[in-house]
Amino acid sequence: MVEINFKKIEEKWQKKWEEAKLFEVKELKDKKKFYILEMFPYPSGEGLHMGHALNYTIGDIYSRFKIMQGFNVLHPMGYDALGLPAENAAIEAGIHPEDYTNNSIKNFIKQQKALGLSYDWSRMINTANPEYYKWDQWIFLKMFEKGLVYKKTSAVNWCPKCNTVLANEQVHNGKCWRHSDTDIEIKHLEQWYFKITDYAEELYDMINELKEWPNRTKAMQRNWIGKSYGTEILFEINGEKWPIFTTRPDTIYGVTFMVISAQHPRLMELVTEEQKQEVEEFLKRLRSVSEKELEEMEKEGVFTGSYAINPLTKEKVPVYAGNFVIADYGSGMVMAVPAHDQRDFEFAKKYNIPIKVVIQPDAYELNPEKMSRAYTGSGTLINSEEFNGLNNHDAIDEITKYLEKRGLGKRTVQYKLRDWLISRQRYWGTPIPLIHCEKCGVVPVPEEELPVELPKNVEFGKGNPLETAEDWVNATCPKCGGPAKRETDTMDTFVNSSWYYLRFCDPHNSKEIFDKEKANYWVPIDLYIGGAEHACMHLIYIRFYTKFLRDIGLLKIDEPAIKLFHQGMLHGADGNKMSKSLGNVINPLDIIEKYSADSLRLALMSFASPDSDSQWDEKILIGGHKFLEKVYDYYNNVEIIEEDKQTESKLHKTIKSVTKLIEEIRYNLAIIELRKLFEKMPKKTSKEVLENFLKMLSPFCPHIAEELWEKIGNEPFISNSKWPEADESKIDEKLEQQEKAVDSLVSDIIRVVKLVKDKGGSASKAYIYVLPDEKEVYLNEKENIQKRAGIEIEIFAVNDKDKYDPENKSKKVKPWKPGIYLE
RNA sequence: GCGGAGAUGCCGGAGUGGUCAAACGGGACAGGCUUAGGACCUGUUGGCUUAGUGCCUACCUAGGUUCGAAUCCUAGUCUCCGCACCA
């Protein structure tokens with residue numbers, strides 16, 4: 001077999017694609033568009049890792065497939081360049097984040113090109129570029145204008161490693177999403193928020209419209225947004241009506257106390273003089289614990305000194321401040337029914353608060369004295385005045401109606417989703433375009449002054465670096481012209497990635513965020529590919545932004561992406577997550593160097609289905625590499641003939657299945673189909689077979705496909721040639737059957753030879769007896785059969801007069817099941 | 001606690017009512033080629049049995065539906081993942 005210089009071939013075609021601007025696209029009205037996007041990377045100094053390579057290859061195959069199918073394919077790439085890791089890495093390396101980031105991007109591009117990815121590089125974007133983040137600021141101002149931006153002081157999540165606050169979505173299990181070893185601290189700070197909760201309802205309800213999103217992602221989003229139906233009930237405390245939210249109004253007669261969140265902004269209004277000290281001590285203690293510890297803490301609380309009046313019973317119940325009530329869910333205060341809620345039960349036991357049973361299960365009788373846990377099941381109402389005897393499910397409705405009639409409450413819907421905390425006390429992010437004026441208060445930077453660029457001269461390492469840029473901080477108030485100060489918080493980097501897909505439609509527009517017509521030509525994204533870990537972060541934010549931009553008239557779509565695809569996690573060969581400390585990291589570039597980009601692409605798609613987790617396996621890589629060598633070798637020696645019905649039949653069957661499998665992103669199976677076809681391609685075959693096999697191979701292994709396409713006498717490029725269509729009339733099941741019959745004859749001969757030899761006999765020739773009308777088929781395959789079975793054969797029809805058949809084996813012959821006699 | 005995914009032969013991994021002892025790859029084994037090894041080619045790879053056959057046992061466990069189940073239903077076991085004091 002000849003040595004193949006994969007590297008030379010790959011560089012040759014990468015250059016040609018680039019020179020031909022093969023993947024650059026424009027809006028073409030008469031062509032059907034297809035927008036395919038992989039989640040853009042955060043360009044770290046480490047360069048491309050295997051997960052990136054997997055992600056991009058999945059997208060690239062689809063993109064190439066769609067191009068060949070005649071779609072106008074937008075397939076862009078950009079860099080999510082702002083963010084803390086770059087800032088930290090830059091500080092560590094002693095260089096400016098901008099230089100650090102630009103180097104990383106250059107490195108990324110080089111590596112992505114080496115993979116042979118079909119991007120329209122002319123549309124590349126870099127979010128750290130002021131021409132990009134200018135539009136982040138522009139959107140911010142639009143939101144500000146619409147009242148979707150606000151500032152509030154509250155308990156926030158602080159990551160001591162990042163040195164900044166985090167959004168709710170970025171706290172995973174009480175730890176920072178970037179530092180899984182770092183406990184989140186609770187701080188009370190004034191921060192900027194986006195009012196994403198204004199969109200909670202639509203974000204929740206429209207999940208149903210996301211027909212081609214993975215179910216688990218939709219489930220996670222539903223869970224995260226957390227819609228629940230319930231009743232808001234007004235409790236009077238100190239002469240004032242306080243609303244509380246409950247999903248169990250049926251238990252209202254069982255309320256024996258109330259709990260207000262320790263983080264509630266109005267908590268102190270309820271605290272009496274006598275209880276003040278105790279409450280403050282409690283709060284102080286809570287402030288010193290991390291979020292994680294808070295979650296693991298026992299339910300605790302202190303009496304506030306105030307009493308609430310139950311609107312139905314008129315009973316007075318004590319109000320406690322508690323550590324287990326969430327300040328910004330519902331109204332931050334709950335009615336506590338210890339008999340029928342486990343948390344309330346534990347709290348009541350701890351503080352000796354009475355327990356009142358109001359729902360009796362059908363099977364037995366509850367005794368408040370003897371209960372060891374709350375009864376949360378269904379049953380019949382007792383101790384509930386006129387509602388006694390009602391089934392509790394009906395009571396939910398009845399009691400709510402009763403309350404509504406008297407103006408004491410109403411049906412409502414609550415969401416778990418919190419507003420998006422976007423303030424970050426760090427440098428490498430989009431500056432918030434606001435100015436603080438002593439006279440005028442908070443004043444937005446006028447649109448025409450955008451972008452507010454990041455100042456270059458800042459000091460890193462002491463709190464928020466922006467505060468050290470005095471020239472920058474000191475500004476004039478756009479309203480009164482007086483001295484003022486710039487906002488030094490920057491925006492969460494998730495802001496940048498929330499609308500980047502739109503900028504790709506018109507990346508160099510300096511006049512507006514994007515041309516509406518261009519954007520509306522390309523959107524929505526037809527196929528969006530990325531990791532599942534973004535289900536409750538990026539994928540909620542991008543939906544929110546899309547809806548907002550629609551509402552200000554820029555877009556006509558409701559959702560950013562039609563189909564969402566999550567690639568599986570690629571683990572190291574040892575089954576663990578690839579990590580430097582475990583030493584199981586495989587670098588894509590090393591593999592490209594040692595084997596080839598095509599081999600890597602093939603391997604990445606062969607480990608398992610692209611959406612399931614898999615392990616790196618050198619053997620699969622080598623197996624694929626060998627396959628490509630065989631293909632190359634084959635095309636260099638194949639003899640082209642006019643027609644090859646047998647293989648063409650197989651070809652068209654394969655076209656049918658491969659097309660479907662690629663469409664469904666089941667690339668691993670598509671590759672298997674191609675391998676099966678190749679296995680059956682004979683030394684002499686038709687151009688139709690040769691061309692179409694290569695076409696189908698080309699999305700997976702585009703370089704070698706181009707090379708061999710040229711070799712068999714075609715003009716470049718196979719990359720934009722027409723995807724084959726299955727011709728049903730060429731699929732001949734009879735030929736397939738014959739092929740199977742030949743296969744089984746071969747293995748039958750081998751089996752019988754072995755049996756004979758095992759019994760001490762010998763066999764040097766096999767006589768084969770077939771039905772008369774099958775004879776020709778077998779004769780045509782004679783050489784093939786001899787070679788494969790490793791024995792000389794002679795074929796007779798059962799009715800041949802002069803056949804040699806000493807044991808009368810022709811008697812056993814059935815259709816496509818020849819008789820065999822060995823000598 | 002809530003929600004999601006899954007459990008298939010030595011391994012990876014297809015298959016989701018019959019055409020399934022179950023694709024494809026890897027490994028192992030046998031044969032060919034070769035001075036030898038590698039590479040390459042051919043075949044075998046649940047058990048028993050047989051001149052290429054037939055039978056039995058199999059797709060986490062236990063039941064069930066069906067003429068028929070790896071595939072559907074019920075219960076259970078285990079694994080992975082996400083969220084989690086959301087009232």
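Each chain gets a letter, A, B and so on, in the order the sequences are listed, and its residues count up from 1. Since the model is a prediction, treat every value here as computed from it, not as a measurement.
Comparing the C1' positions of B/rC20 and B/rA69 gives a spacing of 11 Å, expressed to the nearest Å.
Within the 4.0 Å cut-off from OP1 or OP2 of B/rU53, at least one side-chain nitrogen or oxygen of A/Lys817 is found. A close approach under 4.0 Å does not occur between any side-chain nitrogen or oxygen of A/Lys787 and OP1 or OP2 of B/rC33.
If you check every strand for non-hydrogen atoms under 4.0 Å, A/Asp617 touches nothing. At the heavy-atom level, A/Ile750 lies under 4.0 Å from the strands shown only through sugar-phosphate atoms. Counting non-hydrogen atoms under 4.0 angstrom, A/Val259 reaches nothing in the nucleic acid. Among the protein residues, A/Ser609 comes within range of the sugar-phosphate backbone only, with heavy atoms under 4.0 Å from sugar or phosphate atoms but none that close to a base. Among the heavy atoms of the strands, none lies under 4.0 Å from A/Arg222. Among the atoms of the strands shown, base atoms are found under 4.0 Å from some heavy atom of A/Gly819. Among the atoms of the strands shown, none is found under 4.0 Å from any heavy atom of A/Ser606.
The ring of A/Tyr769 has its center no closer than 6.0 angstrom to the ring center of A/Tyr821. Aromatic ring centres of A/Phe257 and A/Tyr351: separated by at least 6.0 Å.
Atom pair A/Arg788:CZ and B/rU42:P shows a separation of 7 Å (rounding to whole Å applied). Summarising the geometry, the separation between NZ on A/Lys175 and P on B/rG82 is reported as 14 Å, rounded to the nearest angstrom. We find that OH of A/Tyr769 is positioned 15 Å from P of B/rG52, with the value rounded to whole Å. Look at NZ on A/Lys619: it is 20 Å from P on B/rC24, rounded to the nearest Å. Remark: P of B/rG12 and CG of A/Leu604 are 20 Å apart, rounded to the nearest angstrom.
Residue-to-nucleotide contacts include a donor-acceptor pair under 3.5 Å from the side chain of A/Lys299 to the base of B/rC85.
Screening A/Leu628, A/Leu697, A/Val631 against A/Asp598 for a side chain to side chain contact (heavy atoms under 4.5 Å, CB included) leaves a single residue, A/Leu628.
Side chain of A/Thr246, nearest nucleotide from B/rG52, B/rA87, B/rA51: B/rA87. The side chain of A/Asn223 sits closest to B/rC83 out of B/rU42, B/rC83, B/rA14. Side-chain proximity of A/Lys676 to the nucleotides B/rC24, B/rA87, B/rG15 is greatest for B/rC24.
Nearest-nucleotide mapping onto RNA chain B: of A/Ile672 and A/Ser331, the residue sitting toward the 5' end is A/Ile672.
Counting non-hydrogen atoms of other residues, nucleotides and ligands closer than 6.0 Å to NZ of A/Lys765 gives a total above 12.
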